[in-house]
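A quick note: this is a predicted structure, and the numbers were derived from the prediction, not measured. Positions are given from 1, in the same order as the sequence printed here.
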Amino acid sequence: MTESFRRSGEYDYDAPQGPYSQVHGYSAPVNPEWPPPPAYEPTAASPLPAAGPEPEPRRRRARGSVALLAAVAIVAAAVGGATAYGFQELAGKNDVTATGTGTPVVPAGKKGDVAAIAAAVSPSVVEINATLDNGSSTGSGVIISSNGEIVTNNHVIAGAQSVKVRTSDGHSYTADVVGTDSSKDLALIKLQGASGLRAATLGDSSGVQVGDSVVAIGSPEGLTGTVTSGIVSALDRDVTVPTDESQAQGQGGDGSWPFQFGGRNFNGDTGSSTTTYKAIQTDASLNPGNSGGALIDAAGNIIGINAAMYSSSQQASSSSDAGSIGLGFAIPVNTVKSDLAKLRSGGRN
């Protein structure tokens, strides 16, 4: 319904009662296209307002609307830009950070710079020490939320009686195992009493190509925050690892993880209970303790979780054969992301 608006001093009239109406001696034929004329001439004291600037209250409302729109735009820019992390903390959310949101991990001018990648991502990679019934296990993990959710390999924490985590700045935490998936060799642990941690940005492993530059960060032999670099050597490699918990407890002798590739066993016998997954192959130097650490692309995004590497020192016939031979494998990050809901729900298998 449209409301009418009448200014003070304007006239009223009664609708005509017949073909002609007599109002104060003035007579005029009814024209269906127009209403009857006024009963009297409008006084000069009540002219219609001339066109001009809007009244002050309306201008104030307009400025208020513009200010509101500007405020909304600023908030939207903040959420999508450099302050996304702070907004996430204020909102109490700790979701995984994915590519396409927030500030790039590595500035465009530093893309591919190993030093820049290491500086940006190292705070998101941790060292994990698990106490087992018959010894201990050392590996790495990747922080995926600011409140201390960490993705690692299942074989790093399988059978653990307790789990300790050390961050890149030297802080130590006790961690609880949230969920495990031995079929993908993945596990999710959660730090007790942690907040404000720097979460890594999970990339998209479907876009990885052979020859892409990569950086690996982990804790080989307990050397926290070790950085190596290389390229993606191959994609979709079938890697077979054990699912039997006992195989995770030092079966490789020197702490390395037994696996099968190309019909051969590496780092020990995988046993009869195994699972096979598609892996990213890299020549970045990986050693025992790198398991669960980050494989990172040139832009600083996580594209894989390092999981299996050949340790030549176990079969070395001389000191010249010891060390990494550039044969390492990582679980694609898209596999990790697709498994997170299951891990967070507390699934154990």
Side-chain angles (χ1 to χ4, degrees), residues 93-97 121-133 135-202 216-220 222 224-225 241-243 245 247-250 255 257 275 277 288-296 302 304-308 330-333 335-349:
K93 298 184 182 299
N94 293 284
D95 294 335
V96 176
T97 305
V121 184
S122 288
S124 302
V125 182
V126 301
E127 177 186 328
I128 299 175
N129 290 282
T131 300
L132 313 172
D133 282 337
S136 62
S137 172
T138 300
S140 306
V142 177
I143 300 171
I144 62 168
S145 68
S146 62
N147 66 345
E149 285 183 313
I150 293 173
V151 168
T152 186
N153 290 138
N154 177 62
H155 74 258
V156 171
I157 53 85
Q161 303 302 308
S162 65
V163 179
K164 299 291 185 181
V165 172
R166 184 170 62 174
T167 56
S168 64
D169 59 5
H171 285 81
S172 295
Y173 296 88
T174 296
D176 299 314
V177 177
V178 177
T180 62
D181 188 348
S182 59
S183 67
K184 296 181 176 65
D185 194 18
L186 291 172
L188 182 69
I189 64 175
K190 174 75 162 50
L191 304 186
Q192 297 178 5
S195 64
L197 302 181
R198 184 183 299 184
T201 299
L202 304 186
I217 302 179
S219 301
T224 304
V241 298
T243 57
E245 185 175 288
Q247 296 297 106
Q249 301 179 13
W257 180 236
T275 185
Y277 58 82
N290 271 112
S291 291
L295 189 68
I296 311 156
I302 308 298
I305 300 296
N306 298 320
I331 301 168
V333 74
T335 300
V336 177
K337 291 191 289 187
S338 68
D339 208 33
L340 271 179
K342 176 181 178 180
L343 295 173
R344 281 173 164 161
S345 69
R348 301 290 182 93
N349 73 305

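- The side chain to side chain contact (heavy atoms under 4.5 Å, CB included) search around Val241 returns Asp185, Val239, Trp257, Phe259, Thr275, Tyr277, not counting sequence neighbours.
- Side-chain contact between Leu188 and Ile144 is present, with heavy atoms from C-beta onward closer than 4.5 Å.
- Remark: the backbone N or O of Gln161 is not paired with any side-chain donor or acceptor of Thr131 at under 3.5 angstrom.
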_Residues Leu340, Val151; criterion side chain to side chain contact (heavy atoms under 4.5 Å, CB included); working and verdict_ = CA-CA 9 Å; Leu340 271 179; Val151 168; 4.1 Å; yes
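- Heavy atoms only, all atoms of each residue included: Ser124 and Ala199 are closest at OG-C, 3.6 Å.
- Side-chain atoms of Val126 and Thr152, non-hydrogen and from C-beta on, never get closer than 4.5 Å to each other.
- In this structure the side chain of Asn129 never reaches within 4.5 angstrom of the side chain of Ser136, judged on heavy atoms.
- Atom CD1 of residue Ile150 and atom CD1 of residue Ile189 lie 4.5 Å apart, to the nearest 0.5 angstrom.
- Two residues are said to be in side-chain contact when any heavy atoms from C-beta on lie closer than 4.5 Å; Thr180 and Ile157 meet this criterion.
- Distance alone, capped at 3.5 Å, places no donor-acceptor pair between the Lys190 side chain and the Arg344 backbone.
- For the pair Ser219 (side chain) and Ser140 (backbone), a donor-acceptor distance under 3.5 Å is absent.
- Note on residues 157-181: pairs passing salt bridge (charged side-chain N to carboxylate O under 4.0 Å, His left out), not counting sequence neighbours, are Glu127-Arg166, Asp181-Lys184, Asp181-Lys342.
- If you take CG on Leu197 and CG on Asn147, they are separated by 8.0 Å, rounding to the nearest 0.5 Å.
- Ile302 CD1 to Ile217 CD1: the interatomic distance, rounded to the nearest 0.5 Å, is 7.0 Å.
- Closest approach of Arg198 to Pro123, counting heavy atoms only: NH1-CG, 3.7 Å.
- For the pair Val156 and Val163, the minimum side-chain heavy-atom distance is 4.5 Å or more.
- Note that CG of Leu295 and CG of Asn290 are 10.0 Å apart. Values are rounded to the nearest 0.5 Å.
- Distance alone, capped at 3.5 Å, places no donor-acceptor pair between the Asn306 side chain and the Ser291 backbone.
- Counting heavy atoms from C-beta on, the side chains of Leu186 and Asn154 never come closer than 4.5 Å.
- Note: Ile296 CD1 to Ser122 OG = 7.0 Å, rounded to the nearest 0.5 Å.
- Residues Ala175 and Val165 share a closest heavy-atom pair of CB-CG2, 4.0 Å.
- To the nearest 0.5 Å, atom OG of residue Ser182 and atom CG of residue Asn153 are 12.0 Å apart.
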